[in-house]
Amino acid sequence: MRLQFLQLLLAALGSTACTSEPAGIPFYIISNGETPSLGRPGLTPIGKQRAESCIPAIFSGLNIGLIITCTVDRDGEEGLNCAAANETAVPLATALGINISTCATGDGADDDCPNNTLQNFRKNSNQSVLFVWDSTDMEDLIENVDTDAGLDNDQLALHPDLIVTVNPNDLENAGLTSMNCTGIDGTA
Ligand SMILES: *[C@@H]1O[C@H](CO)[C@@H](O)[C@H](O)[C@H]1NC(C)=O
Ligand SMILES: *[C@@H]1O[C@H](CO)[C@@H](O)[C@H](O)[C@H]1NC(C)=O
Ligand SMILES: *[C@@H]1O[C@H](CO)[C@@H](O)[C@H](O)[C@H]1NC(C)=O
Ligand SMILES: *[C@@H]1O[C@H](CO)[C@@H](O)[C@H](O)[C@H]1NC(C)=O
Ligand SMILES: *[C@@H]1O[C@H](CO)[C@@H](O)[C@H](O)[C@H]1NC(C)=O
């Protein structure tokens, strides 16, 4: 099941790549998994399942060398889902044995951090980067990495199964696909 899914994903990425500019090494953006209501911390059982089994199954096949997540701002006003984003990222980072870098959010944050961290990593590596970001702060991230690409931020905030795939040679045409996690994504 998982393998079939991965083949579909790779096929999807491959086919979007050859319709336009030559494919550079892509980077990916996902949001935190499902969170409980009323600002309670952590992930819901579904979010945990997504983080612990589905995300590692998908992204282990995509040659990820670095994960970048966010931290809540000093005033505790923005980046409120960053802890959940980190929790979403940790099982994959552990499975791959890679580091998680962070960028701050909110007033006084270095707006260039996501792009700079991405570019600095890519200087010395041919591996891909995965952003795991606060679902309520996607707009800022997407601006920072320069790929607004007509992406619907409300959709990204609403659906934690979405994967944005960005070809750095074609920032205007980000691809969008679902994780299709078994039992939790798509229609019942
Ligand atoms: C997820 O499922 C949808 C609907 O069946 C399909 O269009 C899409 O290609 C699938 N995504 C991946 C990554 O396989
Ligand atoms: C992410 O979660 C791990 C495991 O709980 C923790 O050790 C780490 O400090 C967290 N990182 C951030 C930036 O919150
Ligand atoms: C993780 O970060 C530490 C500290 O910067 C570094 O020494 C280590 O090589 C990094 N590990 C990987 C797998 O990149
Ligand atoms: C990245 O790939 C290019 C082309 O294959 C190669 O020349 C370069 O050494 C690679 N860089 C790293 C850091 O592996
Ligand atoms: C990201 O960094 C690259 C390389 O430094 C730069 O060319 C590009 O303009 C930056 N993008 C944004 C949105 O700042």
Side-chain angles (χ1 to χ4, degrees), residues 23-35 39 41-43 47 50-51 55-56 58-59 62-176 179:
I25 293 164
F27 62 91
Y28 305 94
I29 302 172
I30 62 173
S31 68
N32 55 272
E34 289 83 346
T35 54
L43 299 171
R50 182 183 302 290
I55 288 174
I58 295 169
F59 286 96
L62 295 178
N63 196 21
I64 304 296
L66 180 70
I67 296 173
I68 304 174
T69 187
C70 56
T71 54
V72 64
D73 81 349
R74 279 172 306 198
D75 309 329
E77 281 170 10
E78 280 184 62
L80 295 178
N81 280 341
C82 289
N86 180 57
E87 203 171 327
T88 303
V90 164
L92 175 65
T94 305
L96 297 179
I98 60 174
N99 284 328
I100 300 180
S101 288
T102 57
C103 288
T105 55
D107 283 347
D110 172 11
D111 282 343
D112 294 331
C113 177
N115 190 47
N116 287 345
T117 308
L118 170 70
Q119 306 291 345
N120 285 337
F121 178 76
R122 295 286 301 111
K123 266 185 218 156
N124 300 307
S125 171
N126 286 329
Q127 288 188 286
S128 289
V129 167
L130 171 65
F131 289 93
V132 185
W133 209 258
D134 181 337
S135 58
T136 63
D137 201 39
M138 283 299 207
E139 194 168 354
D140 287 342
L141 173 64
I142 281 167
E143 269 174 32
N144 291 346
V145 296
D146 212 9
T147 181
D148 50 8
L151 291 167
D152 179 339
N153 294 308
D154 295 337
Q155 287 290 97
L156 291 177
L158 205 56
H159 297 296
D161 62 308
L162 292 176
I163 304 172
V164 179
T165 302
V166 186
N167 168 3
N169 296 336
D170 191 11
L171 289 167
E172 295 306 304
N173 288 298
L176 203 54
M179 293 178 189

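Considering CD of Glu78 and OG1 of Thr136, their distance stands at 8.0 Å, rounded to 0.5 Å. Distance check, rounded to the nearest 0.5 Å: OG1 of Thr69 to CZ of Phe131 gives 10.5 Å. Rounding to the nearest 0.5 angstrom, the gap separating the CD1 atom in Ile25 from the CG atom in Leu62 is 13.0 Å. In this structure, the separation between CD1 on Ile100 and CG on Leu130 is 9.5 Å, given to the nearest 0.5 Å. Rounded to the nearest 0.5 Å, atoms CG (Leu66) and CZ (Phe27) are 12.5 Å apart. Atom SG in Cys103 sits 10.0 Å away from atom CG in Leu118 (nearest 0.5 Å).
By the 4.5 Å heavy-atom criterion applied to side chains, Ile68 and Phe121 are not counted as neighbours. Val132 places none of its side-chain heavy atoms less than 4.5 Å from the side chain of Ile55. Using a 4.5 Å heavy-atom threshold, the side chains of Ile67 and Ile98 count as touching. A 4.5 Å side-chain heavy-atom check between Ile142 and Asn153 finds at least one atom pair inside the cut-off. In this structure the side chain of Asp140 never reaches within 4.5 angstrom of the side chain of Thr105, judged on heavy atoms. Side-chain contact check for Arg50 versus Leu43: every heavy-atom pair is 4.5 Å or farther apart.
Shortest non-hydrogen contact noted between Ile163 and Tyr28 is CG2-CD2, 4.2 Å. When all heavy atoms of Pro114 and Val145 are compared, the closest pair comes out as CB-CG1, 4.1 Å.
Evaluated for a side-chain hydrogen bond (donor to acceptor under 3.5 Å, both in side chains) with Gln119, the options Asn116, Thr117, Asn115 yield exactly one hit, Asn115.
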Yes or no on side chain to side chain contact (heavy atoms under 4.5 Å, CB included) for Asp107 and Glu77, after CA distance, side-chain angles and deciding distance?
CA-CA 9 Å; Asp107 283 347; Glu77 281 170 10; 5.6 Å; no
Side chain to side chain contact (heavy atoms under 4.5 Å, CB included) evaluation trace for Met179 with Ile30
CA-CA 10 Å; Met179 293 178 189; Ile30 62 173; 3.8 Å; yes
Evaluate the criterion side chain to side chain contact (heavy atoms under 4.5 Å, CB included) for residue pair Ser31 and Leu156; output intermediate values, then yes/no.
CA-CA 7 Å; Ser31 68; Leu156 291 177; over 6 Å; no
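Checking side-chain atoms of Asp137 against main-chain N and O of Gly79 turns up no donor-acceptor pair under 3.5 Å. A distance-only check finds no donor-acceptor pair linking the side chain of Asn63 to the backbone of Gln127 [under 3.5 Å]. Remark: the backbone N or O of Pro26 is paired with a side-chain donor or acceptor of Ser128 at under 3.5 angstrom. Judged by distance alone, with hydrogens and angles left aside, the side-chain atoms of Asn144 form a donor-acceptor pair with the main-chain N or O of Asp111 at under 3.5 Å.
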N/O donor to acceptor pairs below 3.5 angstrom from side-chain atoms of residues 80-96, sequence neighbours left out:
| from | atom 1 | to | atom 2 | distance (Å) |
| --- | --- | --- | --- | --- |
| Asn81 | ND2 | Ser135 | OG | 3.2 |
| Thr88 | OG1 | Gly33 | N | 2.9 |
| Thr88 | OG1 | Ala84 | O | 2.6 |
| Thr94 | OG1 | Val90 | O | 2.8 |

